Amino acid sequence: MRTPKPAGRRRGLLVAAVVAFVLLVALWLVASSLVSAPRREHASRPPDMSAELPAPKPAGDPPGAGSLPPTAGGDGPGEPASPLPETSDGASLEPPPAVLPAPSEQPPVPAEGGFADNDHGMGSGGGGMASPVEGEKQPETGAPAGGPVVRHPYLDAPETIQPGERIAVTVALTLDPLTPGVTAKAAPGGKLTTEGALELPLPADAESWPIDVDLIAPGFDAADGEPLQRRIVLYRDNDSDFARFDLTLRSDAVTGTTRRLAARFYHAGRFLGSAARPVVVAGNGQPAQPSALSSSGPMAQGEAIDLDVGGSVPDMDVLVQFEDPARPRHAAVYIHSPHIAGAIVGSFDLPDDAVGWIEANYAQMVTLGSRLRSASSLTAAADGDPAAQRKRIVAFAEGFGDQLYRRYTPREFRQVFVQLRAEKRLSSLLVSSNSPAFPWELVFAPGGDGEPGGFLGITYRIGRWTPRDDGGLSDRPGGEIVFNGVAAVAPHYAGRQALPFQQREIDALSALSGFDAIGGDYAAFEALVRDPVGRFVHFSGHGAIGDPLAGEAPFAILLEDERIDPTTWRRIAGAADPARRPFYFFNACDSGAAKVMGGFVQGWGATVLESGAGGFIGGMWPLSDETAATFAAEYYARLVGGLAADRVRIADVLREVRRGFYATGDPTYLAYTFYGDPNLTVIRQQP
């Protein structure tokens, strides 16, 4: 017979067993958590996008992405902004100032025409750059302590799509090349490696960076109704987060055509680079191709491209992307700034007759200027009084610019502009667009706090850019070039084409150090553009816009024996040395104008920049011979004068020379447009 154990001993053993069991369970839980803890390099990989799942809003999205934060009027967070009030004639009134997040530091107000206090960008001495995360202080740009940050742009989408189909597009920056077929373009201050990866100009001494992603998707609509903009986080040692966009191809898409999806990356308002891929519109019944994520094969190889050209970040970086640049009407708008948190995204529509209306106003200004110079009476009351004529022309030009601002600029542009102007944080604007028809320089913006309004091209440093689908032109201009003298081309014209004031223009340029007169025939011009050796190339002569249906080049400059058009230029222009980039000034009628031909932007601005030029200046409409000569002489005099202090900005020089419009009343002073970085700096050649 088994003797029973005492009751107290049984209770002790039971307690010990329970304690042991609890300890075993706790150890199992700890071990399980260690094994199942996600590693960042795997957690950041994208899920299977073939399943149709609701698109969650990324956790890192800034509040109200795609619209400004609520104004004092009381629009709630994330709600659409209230519509602008309109005047009796339908013109939108000035929007109320938007309440944008204030940066941690206020840069000094730039002196009139000054240089040293105007730097707002990374690496410059004139004020810190605000972080896109409110209240977060970001260090200056430089080589990160752990070495350069190199990432492959990830842009995943189906290779074919049918009209009306919904797709998921995923964007990221990854350590490995996961989406072959994606082409990338580097930003100034960054590089494109031989493997097609971006070397990103990011701040040093950080382990992660918030990255704003703009998706450019013409012909698509956002399936969730949200703006095509997201924020991701890039980690120093790993992939970034993945941003998902759900898109629907419009049902009117033409089968057999190709759509281009592009992603642009920003940090703290600074452009970092872009990536793009084609998507083919397939007919009904054609099977969709696998996503690029499952494709294999190496990415295209090429020579390393170094675009480390310095410069600072524009206070407003505006991208206007039209659905159809040949008939600019509906456009998406993306605005970045170092002084606001995140991106501002919106859309707007131009009236069908907008381009015709703009060109009609150009023609009227040409007529008014011609009458002023010939001292003929504009009206019977004026009685030929030049002062009265100047007053009338100024009123017309400002009225034209006021209508441009109120009726044709995007609402988002006006709101950001008003806020930055009120905070005295606005000195420079970069406007990139696939349609150059809109004259941003002539926009007459109202003043604030009792200050008078003014033309953007006179009040601020403003530059244009025309991003191209091919790889010949960066999506963003560079910021510094060296002055190596002026090479002037002045063809001799006879008869009615003679330019009486051309010689006065060349005489003024010949007084400059490093001046070189180049022959006006084709052979001499070709030799110059093949090897400009970093000089400022000045053309003084005639420009023309021809009729392609009559066998004429749409754009041309006239030499003594030939016409040079953009197509010929692309064949004869040599690749510019990044260390010795030339600058081109075509002082010719219509040379700054551009139209859309054959599905892409043509015109001298984009064509010249494709060859590696640092910038380009040209006229948007026919120029007065005498005023054009005076404009050029004053431009170079101010440029060289600024170089006496070591460096000067092109856009600052143009602002000052354009002011001659108010002294003379001659609209030719307003005709010049500048393609390039608004902060493009010219420095003296070192001895």
Side-chain angles (χ1 to χ4, degrees), residues 54-70 77-81 98 100-101 130-134 153-157 167-173 187 209-234 240-248 260-277 313-314 316-323 330-348 410-413 415-416 419 430-434 467 475-476:
K57 185 175 181 63
D61 272 1
S67 61
L68 290 168
E79 297 177 357
L100 302 179
S131 166
V133 179
E134 186 173 0
Y154 178 99
L155 182 53
D156 182 46
I167 63 170
V169 177
T170 317
V171 181
L173 294 165
W209 303 268
I211 305 295
D212 289 317
V213 180
D214 296 347
L215 184 66
I216 315 299
F220 289 85
D221 293 316
D224 53 13
E226 293 188 354
L228 298 182
Q229 198 278 333
R230 300 285 189 271
R231 173 168 291 178
I232 61 177
V233 177
L234 173 62
S240 72
D241 299 331
F242 284 75
R244 169 173 168 155
F245 301 86
D246 286 301
L247 306 178
T248 300
R260 181 176 180 268
L261 299 174
R264 293 165 65 94
F265 303 96
Y266 289 80
H267 170 71
R270 176 172 186 161
F271 179 66
L272 301 177
S274 66
R277 65 169 304 134
V313 180
M316 282 185 68
D317 187 331
V318 183
L319 173 66
V320 179
Q321 187 78 13
F322 285 94
E323 290 279 351
H330 181 73
V333 182
Y334 304 80
I335 301 176
H336 293 263
S337 171
H339 312 303
I340 62 177
I344 305 299
V345 184
S347 62
F348 79 111
R411 173 190 173 90
E412 291 77 14
F413 174 90
Q415 289 186 309
V416 177
Q419 184 69 21
L430 173 67
V431 181
S432 302
S433 179
N434 60 344
D475 282 339
R476 183 68 166 73

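Quick caveat, the model's predicted, so the values are computed rather than measured.
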Notebook entry, point to check: Does some side-chain heavy atom of P210 sit less than 4.5 Å from a side-chain heavy atom of H267?
Noted result: yes
CG (D221) and CG (D246) are apart, to the nearest 0.5 Å, by 13.0 Å
Check: L247 and L215 side chains under 4.5 Å, non-hydrogen atoms: yes
Show the numbers, then the answer: is there a side chain to side chain contact (heavy atoms under 4.5 Å, CB included) between D214 and L319?
CA-CA 10 Å; D214 296 347; L319 173 66; 5.6 Å; no
Output for pair (D156 CG, R277 CZ), nearest 0.5 Å, gives 6.5 Å
Value for CG (L430) from NE2 (H336), rounded to nearest 0.5 Å, stands at 11.5 Å
Contacts of Y334 meeting side chain to side chain donor-acceptor pair (under 3.5 Å) (sequence neighbours excluded), chain-then-number -> none
A157 and V169 have their tightest heavy-atom pair at CB-CG2, 4.1 Å
Self-check item: Main-chain N/O of F322 paired with N434 side-chain donor or acceptor, under 3.5 Å
Solution: yes
Sequence neighbours excluded, the answer for ring pair (Phe, Tyr, Trp, His ring centres under 6.0 Å) partners of F265 is none
Closest non-hydrogen atoms of L173 and P153, given as atom of the first, atom of the second and distance, are CD2-CA, 4.1 Å
Scanning both residues in full, the closest heavy-atom pair of A263 with L155 reads N-CD2, 4.5 Å
- Task: Look only at the side chain of T248 and the backbone of A223, and say whether a donor-acceptor pair between them is shorter than 3.5 Å.
- Result: no
To the nearest 0.5 Å, atom OG1 of T170 lies from atom CZ of R230 at 11.0 Å
Hits for side chain to side chain contact (heavy atoms under 4.5 Å, CB included) against P410, two or more places apart or cross-chain, chain-then-number order -> V333, F348, E412, F413, W440
The side chain to side chain contact (heavy atoms under 4.5 Å, CB included) partner of I211 among D241, V233, L234 is L234
Interatomic distance, CD1@I167 vs CG@L261, rounded to 0.5 Å, equals 6.0 Å
Distance col, row Q229:CD vs I344:CD1, nearest 0.5 angstrom, shows 8.5 Å
Minimal heavy-atom distance between S274 and R264, with the atoms involved, is CB-CG, 4.1 Å
All heavy atoms of R260 vs all of A276, minimum pair found to be NH2-CB, 3.3 Å
